[in-house]
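The structure appears below as structure tokens.
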Amino acid sequence: MKECRVRFAPSPTGYLHIGGARTALFNWLLAKRYNGKFILRIEDTDQERSTKDSEEVIFRAMKWLGLDWDEGPLNGGDFGPYRQSERLYIYREYAQKLVAQKKAFKCYCTNEELDEERKKCLEQGKDAVYSGRCRNLSSDEVQKFEKEGRKPVIRFEVPKDKQILFTDLSRGDVKFDSNLIGDFVLLKTDGFPSYNFAVVIDDYSMKITHVIRGDDHLTNTPKQILLYEALKAKIPEFAHIPMILGNDGSRLSKRHGATSVEEYQKDGFIKEAVVNYLSLLGWSPKSNEEIIPIESIIEKFELKDVSKSPAVFDNTKLRWMNSQYIQSIDIDKLVDYAIPFVDKKLYDISDKAFFKRIMTVISEPITVLADVNKEMVYYFDNTIDKTIDEEIKEIFSKESAFTVVENYIERLGNIPENDYNEESLKQALRTIQNEFKIKGKELFMPMRVALTYKTSGPGVYEMLIVLGKERSLKRMKEFLEAISVYK
RNA sequence: GGUCCCUUCGUCUAGCGGUUAGGACACAGCCCUUUCACGGCUGCGGCAGGGGUUCGAGUCCCCUAGGGACUACCA
């Protein structure tokens with residue numbers, strides 16, 4: 001494939017939807033795969049709904065995912081501007097050209113008139129297609145409308161009896177009949193372009209070679225092709241990728257839970273997992289791999305391997321994947337990722353080495369970063385729950401439980417700081433095991449409880465290693481004092 | 001309504017005329033084990049339905065059903 005230019009063109013009317021992120025990802029992947037350029041374009045022609053805020057939100061979400069763009073609103077490029085609201089003069093120019101060539105015309109119909117026309121068509125069982133009544137207005141009629149103060153729109157004159165054929169890179173051949181397409185609007189009364197016009201002008205003038213977008217645009221494609229033909233412009237390749245659905249099979253929306261990339265970030269998903277999961281929604285590397293590093297995805301990504309049918313977003317599987325990534329990514333990276341999630345009012349993590357030890361241990365039980373607070377309670381004196389419940393009393397109703405803990409405290413005290421490691425810690429317990437003939441649960445449960453006040457939780461050695469010698473000793477001594485009341 | 005697209009375990013998917021229809025998540029059971037988790041193993045479970053074509057069809061064709069998109073001066 002020669003140098004390709006692909007784009008992602010969101011409208012800034014809200015957050016970055018997870019489906020949009022997937023579309024962006026597929027475009028980005030293709031650009032990376034074939035050494036092409038990935039362009040970000042803001043489609044803000046809806047003056048009512050577009051906001052700068054959501055533009056920011058979208059930029060942030062894309063950056064978080066690592067979907068960096070070669071050309072776009074923030075960094076510019078040779079084919080800008082990259083915001084449609086800043087390109088109005090371009091659309092007007094092309095629209096006028098089309099009018100001059102009699103390929104487009106001014107239409108003075110009001111919404112009311114059009115609604116009525118549509119209603120009549122439907123009543124007669126005909127297709128609700130614009131009649132083309134303003135195609136050939138006389139200059140008298142035009143003057144009359146102008147005098148009334150009516151503002152025209154510019155409509156494209158859709159050719160009659162034309163078969164529109166194209167080959168979709170993911171769907172194959174698709175065919176449409178031009179008679180079913182009404183003369184659609186190019187320029188609205190406010191002077192802003194309509195979607196179908198703006199995309200074509202932009203994709204054309206930005207030299208886009210591959211248009212990869214959601215399935216919902218498949219039926220827009222014939223209109224756009226007609227426009228390309230009218231402009232005598234080269235038609236790009238199209239690839240329509242399936243939508244993402246919620247668990248009930250309908251289009252993924254808020255009522256299915258989190259749908260914005262931001263929310264996933266906030267919930268503690270890590271970007272590597274999200275990107276990996278998203279890439280597998282509608283695409284498959286044809287192997288049995290599931291956890292695939294991004295470099296490898298780039299290497300394998302092909303449009304022809306994109307599936308045609310929609311995929312249901314499965315949060316459970318995303319969570320599984322996230323836990324896989326949390327367990328396997330570089331520990332320093334994980335520490336960095338986790339820091340923003342730590343409740344600083346509860347946990348003092350100024351001791352970086354200590355926090356790193358904690359993360360090493362809790363990377364297994366947590367599935368999202370937000371879980372850290374729940375898993376960290378054992379390691380801090382101010383958060384551990386020191387309630388002595390019946391279960392604990394039961395365990396320490398046996399004299400041997402005291403023997404274990406008391407003796408371990410003594411041995412631990414004798415381990416020099418520079419020999420404080422898992423091996424020596426195990427050795428110490430082994431000695432007690434042999435000396436007092438205590439083993440299994442009788443041996444470990446008292447230890448676990450003395451360190452955590454819980455009968456389930458982190459392993460004994462994990463606790464000792466993470467806490468370190470002093471903290472461990474203090475913890476166990478305190479516990480003995482507390483439990484001795486019930487002796 | 002019309003046009004177009006889609007249809008393999010509950011979910012994500014592999015399959016591209018000859019397979020005991022493979023993998024992953026979830027679920028169940030077992031194992032590992034000082035608890036929980038992790039991990040390992042086993043199991044459960046699928047070609048939407050009906051017609052063709054063919055020696056042979058998940059795979060090709062047609063019909064039906066279901067789902068989706070478009071049919072806007074929204075993108």
Side-chain angles (χ1 to χ4, degrees), chain A residues 9-13 43-50 84 107 109-111 114-115 118 121-122 125-130 151-155 168 170-172 174-177 179-182 184-196 198-199 213-223 240 242-243 245 247 249-251 277 280-291 305 307-321 323-324 327 362-367 375 429 439-449 452 454-461:
Chain A
S11 3
T13 53
E43 307 214 326
D44 56 350
T45 54
D46 185 341
Q47 294 194 79
E48 307 273 300
R49 298 194 300 147
S50 299
Q84 291 188 328
C107 166
C109 296
T110 61
N111 278 321
L114 293 171
D115 283 346
R118 215 177 341 244
C121 282
L122 256 16
K126 288 194 294 195
D127 296 312
V129 175
Y130 172 76
K151 287 256 190 297
V153 298
I154 292 181
R155 285 182 185 273
D168 186 287
S170 141
R171 306 303 175 108
V174 192
K175 193 172 78 180
F176 291 89
D177 177 358
N179 293 331
L180 269 8
I181 303 172
F184 55 93
V185 171
L186 262 25
L187 240 39
K188 305 185 251 181
T189 40
D190 63 4
F192 274 59
S194 68
Y195 165 75
N196 282 303
V199 245
R213 75 229 305 194
D215 219 343
D216 46 341
H217 290 296
L218 189 64
T219 41
N220 281 322
T221 310
K223 292 181 193 168
H240 289 92
M243 314 250 78
L245 311 177
N247 44 238
S250 71
R251 201 172 170 157
Y277 179 72
L280 257 23
L281 229 42
W283 174 79
S284 153
K286 312 254 159 204
S287 62
N288 285 333
E289 321 161 79
E290 299 270 348
I291 306 290
D305 296 331
S307 104
K308 298 174 207 250
S309 48
V312 172
F313 193 90
D314 184 359
N315 236 298
T316 310
K317 187 153 182 180
L318 206 213
R319 287 176 64 82
W320 165 78
M321 193 164 278
S323 73
Q324 294 293 309
Q327 281 180 62
I362 70 173
S363 65
E364 280 208 7
I366 67 174
T367 87
E375 288 298 326
L429 199 61
K439 57 180 183 169
K441 282 188 178 157
E442 311 277 295
L443 181 68
F444 283 93
M445 268 306 170
M447 285 297 293
R448 183 198 319 291
V449 170
T452 66
K454 288 279 177 299
T455 51
S456 75
V460 167
Y461 298 118

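Every chain is numbered from 1 and lettered A, B, ... according to where its sequence line falls, protein lines coming before strand lines.
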Using the [atom1] atom as the point on both nucleotides, what is the distance between [M] and [N], in whole Å?
{"N": "rC16(B)", "M": "rU59(B)", "atom1": "C1'", "result": "7 Å"}
{"N": "rC12(B)", "M": "rA48(B)", "atom1": "P", "result": "13 Å"}
{"N": "rC70(B)", "M": "rC38(B)", "atom1": "C1'", "result": "49 Å"}
{"N": "rC32(B)", "M": "rG49(B)", "atom1": "P", "result": "43 Å"}
{"N": "rG1(B)", "M": "rC44(B)", "atom1": "P", "result": "43 Å"}
{"N": "rA57(B)", "M": "rU20(B)", "atom1": "P", "result": "15 Å"}
{"N": "rC6(B)", "M": "rC61(B)", "atom1": "P", "result": "11 Å"}
{"N": "rA69(B)", "M": "rC55(B)", "atom1": "C1'", "result": "42 Å"}

Side-chain heavy-atom pair T219(A), F176(A) within 4.5 angstrom cut-off
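Answer yes - side chains close enough.
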
How does protein contact run along nucleotides 59-75 of chain B, one letter per nucleotide 5' to 3', with B for base contact, S for sugar-phosphate only, - for none, heavy atoms under 4.0 Å?
----------SSSSBSB

Test of understanding: with side chain to side chain donor-acceptor pair (under 3.5 Å), list the residues that count as partners of [X], not counting sequence neighbours.
{"X": "N247(A)", "result": "none"}
{"X": "D314(A)", "result": "none"}
{"X": "D190(A)", "result": "Q47(A)"}

According to side chain to side chain contact (heavy atoms under 4.5 Å, CB included), who are the partners of E375(A), at least two apart in sequence or on a separate chain?
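E375(A) satisfies side chain to side chain contact (heavy atoms under 4.5 Å, CB included) with I362(A), P365(A), I366(A), Y378(A) only.
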
S363(A): what forms a side chain to side chain contact (heavy atoms under 4.5 Å, CB included) with it, not counting sequence neighbours?
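For S363(A) the side chain to side chain contact (heavy atoms under 4.5 Å, CB included) partners, ignoring immediate neighbours, are I326(A), L334(A).
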
For P193(A) against L187(A), the heavy-atom pair lying closest together:
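In terms of heavy atoms, the two residues are closest at CA-CD1, 3.7 Å.
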
Smallest separation among heavy atoms of F192(A) and T45(A), with atom names
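Distance-wise, the nearest heavy atoms are CD2-O, 3.5 Å.
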
Both S309(A) and D305(A) contact RNA chain B. Which one's nearest nucleotide lies toward the 5' end?
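Looking at the nearest nucleotide for each, S309(A) comes out on the 5' side.
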
On RNA chain B, compare the nucleotides closest to W283(A) and G440(A); which residue's is nearer the 5' end?
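So the residue in question is W283(A).
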
Across the strands shown, which category fits [X] at heavy-atom distances under 4.0 angstrom: base, sugar-phosphate, nothing?
{"X": "K439(A)", "result": "nothing"}
{"X": "Q327(A)", "result": "sugar-phosphate"}
{"X": "L281(A)", "result": "sugar-phosphate"}
{"X": "G459(A)", "result": "base"}

In whole Å, what is the span from the [atom1] atom of [X] to the [atom2] atom of [N]?
{"X": "K308(A)", "N": "rC6(B)", "atom1": "NZ", "atom2": "P", "result": "6 Å"}
{"X": "R448(A)", "N": "rC36(B)", "atom1": "CZ", "atom2": "P", "result": "9 Å"}
{"X": "F444(A)", "N": "rU33(B)", "atom1": "CZ", "atom2": "P", "result": "12 Å"}
{"X": "D314(A)", "N": "rC25(B)", "atom1": "CG", "atom2": "C1'", "result": "6 Å"}
{"X": "F313(A)", "N": "rU13(B)", "atom1": "CZ", "atom2": "C1'", "result": "16 Å"}
{"X": "I362(A)", "N": "rC38(B)", "atom1": "CD1", "atom2": "C1'", "result": "14 Å"}
{"X": "K441(A)", "N": "rU35(B)", "atom1": "NZ", "atom2": "C1'", "result": "8 Å"}
{"X": "I291(A)", "N": "rU13(B)", "atom1": "CD1", "atom2": "P", "result": "16 Å"}

In the strands shown, is [N] matched to any nucleotide by a Watson-Crick or G-U wobble pair with both distances under 3.5 Å, and which?
{"N": "rG10(B)", "result": "rC25(B)"}
{"N": "rC32(B)", "result": "none"}
{"N": "rG45(B)", "result": "none"}
{"N": "rG1(B)", "result": "rU71(B)"}
{"N": "rG18(B)", "result": "rC55(B)"}

Taking only the side-chain heavy atoms of W320(A) (C-beta and beyond), determine which of rC25(B), rG23(B), rG39(B) contains the nearest atom.
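Shortest atom-to-atom distance from the side chain points to rC25(B).
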
Examine the base of rA26(B) for any acceptor or donor lying under 3.5 Å from a partner atom in the side chain of K317(A), and report the outcome as yes or no.
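Check fails, no donor-acceptor contact within cut-off.
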
Between rG23(B) and E290(A), counting only base atoms on the nucleotide and side-chain atoms on the residue, is there a donor-acceptor pair under 3.5 Å?
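Side chain to base: pair present.
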
Once rounded to the nearest 0.5 Å, what's the spacing between atom OG1 of T189(A) and atom CD1 of I154(A)?
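That separation rounds to 11.5 Å.
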
